[in-house]
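Report on the structure given below.
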Protein chains: 2
Amino acid sequence: MTATSPKRVTISDVARRAGVSPSAVSHAFNGRPNVSETTAARIRAAADELNWRPNYASRKVSGQGGRSLGLVIARSRDTFGRDPFFMRLLAGLTEPLADLGWSLSLTLVQADEEEQVYRQWWGEQRVDAFLLVDVRHDDPRLPLVEQLGAPAVLLGAPVDDAVPAVTVADESAFATVLEHLGGLGHRRVARVTDAPGLAHTRARDQRFSHAGAQQGIATSFAAWDPTADDPVAELLARLGGVTAIVVDSESIAAQIVAHAPEVGVQVPAQLSVVAWEDSWVSSLVRPRLTALDAPVEESARTAVALLERLVRGEAAESQTVSGRRLVVRDSTAPAPRSPSQHHRDPDRDSEEAP
Amino acid sequence: MTATSPKRVTISDVARRAGVSPSAVSHAFNGRPNVSETTAARIRAAADELNWRPNYASRKVSGQGGRSLGLVIARSRDTFGRDPFFMRLLAGLTEPLADLGWSLSLTLVQADEEEQVYRQWWGEQRVDAFLLVDVRHDDPRLPLVEQLGAPAVLLGAPVDDAVPAVTVADESAFATVLEHLGGLGHRRVARVTDAPGLAHTRARDQRFSHAGAQQGIATSFAAWDPTADDPVAELLARLGGVTAIVVDSESIAAQIVAHAPEVGVQVPAQLSVVAWEDSWVSSLVRPRLTALDAPVEESARTAVALLERLVRGEAAESQTVSGRRLVVRDSTAPAPRSPSQHHRDPDRDSEEAP
DNA sequence: CGCTTGATGTGTACCGCTTTACAAGAAGCG
DNA sequence: CGCTTCTTGTAAAGCGGTACACATCAAGCG
């Protein structure tokens, strides 16, 4: 088939139909006081009958503020696809954007094309603001958006005064998690992270150590190595006397609980696992993951609100959203009596909760 | 902070810098033959130095074809979020779109706002084409895009000649799956679907019956009821003497294999499960899901190519992409010797593969 | 060598809408 | 009742490009 475009209806058609000038239509549609309520109604009726809406491109050209948010994600298809966080984020952005009449432009890029895409989208005025995710230390995008003069908000730990951040309050979260684990008798807990370059990783590392110190729990760190032959086995082997881990990524936590028994580590009998994000995946795997739910939808909403203010030229301050909530499921249990049994025959120890 | 927009550079700035007229710049940037290669180079250099890119909105206003694809998904946050297919689709669309210089506008809507959003986005010329997913029987969007004259392509079974479809070849897929199951001794297989309203569901139903008939396997159908208290238990109870199921949705298949043992059905000892989509989730759950991988990325690429032709005013025919591939994992095994044992004590039967 | 060509550019009229004057009649007022 | 002030509307100038028609000028040619 061929797309046969019926002549598109313009503001003049509406004006003619309502018996007014095009300017009147414009004023009516922009809530300007230059038109009486009665004629405004007539104009709206005419527009309705013709099914007309102001052409987005045209209004942008004539100086009307923007209505499009750019989300550029520098991830491989794979790491994007297996992070349920992004689904939640996308879904969460959609609603507040729609309320504002904005739309979301999304793309995945390779790391080395990233800046290029920001420049292009901004230069073409394809988008009017950016939402920055996966912000790294010394992230080049921060100076970039400043240089461009592009309104931007980042999700994660604040990095730079010039770009407001929407942060999920984490302080008490580590305390909560370690209280939960401490209450189960765990004394040595490790934090597992991938993506060491991300800005929020460092912030969380500090909070984790701090909370551990306060609660008398020995904390350590372990990096997830996706290049290993069997990343789960490799990680578990490195864990030493740790009896519980807090995993930054939900998908990694899920892989760990699913695969650990197969390499001789029973979860949660020998090792408790907490995921630092929550989604349907956590309740899918067995044992179900104890996870820390984050208010993703609210973060999205907050970010959009901030962005909207920036685009209007107002100032916007970084904001914190709270609502971290520990959802206790089946991957955490009392610490084994004698630690460091990871490599025993799985059948032989089945220490149950006291 | 406040966004202080540095004066934006326009085509005239570039023209001045290159010592030519604005038209020359335009021609140079649109590969028009009105400008010599040497001056074109000079112009490009000037544009580079000023970091200029043609304003997207302006070119659209002045009749330049569109560069934006609309994807409107009528799903709840939840059903969107737990379908890994969408992640693959989004990721898959991104690359071919970027190659074309297009961008993707995404939104989630409630079913009753759906048409409204199509009208709005098209009316505002915010997008230049639509990709239709989750197409239902008598889907109102098909007449709608026709009426609007909007280029559109749908993913799934062809429904209407006016809207080209990109279809994943399914014919041999059912044969392959049933061969696999038949070879394991299964004689009664059910197909489990949610979303009975989707257009491709009916098509698959027929193919399934057909393939069953050809291979002497008794086929039946079972609907997934998400409103049930325990949908998995409820489904399994309804299965009768069936020893294997083919589940239309990967996330449902995953729930089934994860939860079945907890309601007394061993997978795959008592029941084999095949998922009709594949993603990382299939290898996450235990037992790992035997799944039918679909060429999602290639479908996306094909759809984009079709769309691009439509936007250029060329005709575009429906296309089929092949590449369905059965990935055999751990959720399929030989059929139990005596069927219909679903409600036995799980410990008591552990019939192993012969 | 005069004239047709082809290669390169430039002027200019839009595209559809916003916006800043500015006009015209109604209303307020001393 | 003449003049100022609102109210309601219109005209016209852009916004940043594109595209068509036309101007140049050097080369090609009989």
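Naming: A, B, ... by sequence-line order, numbering from 1 per chain.
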Original post:
A/Trp121 versus A/Phe130: any side-chain heavy-atom pair under 4.5 Å?
Top reply: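 A side-chain contact exists here, since the closest heavy-atom pair is under 4.5 Å.
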Original post:
Would you call B/Leu93 and B/Leu71 a side-chain contact if the rule is heavy atoms closer than 4.5 Å?
Top reply: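 The answer is yes, as the side chains (C-beta and beyond) meet within the 4.5 Å cut-off.
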**OP:** Between protein and nucleotides 10-22 of chain C, map the contacts as a letter string: B base, S sugar-phosphate only, - none, heavy atoms under 4.0 Å, written 5' to 3'.
**Re:** BBB--BBBBBB--
**OP:** Using atom types as modelled and distance alone, determine if a side-chain donor or acceptor of B/Lys60 lies under 3.5 Å from a backbone N or O of B/Gln125.
**Re:**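 Side chain of B/Lys60 to backbone of B/Gln125, a donor-acceptor pair under 3.5 Å: yes, one is there.
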Original post:
Do A/Ser318 side-chain atoms and A/Ala165 backbone N/O form a donor-acceptor pair below 3.5 Å?
Top reply: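 Flag set: sc A/Ser318 to bb A/Ala165 pair under 3.5 Å.
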Original post:
Would you call A/Glu115 and A/Arg141 a salt bridge, using N to O less than 4.0 angstrom?
Top reply: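 No, A/Glu115 and A/Arg141 are not salt-bridged.
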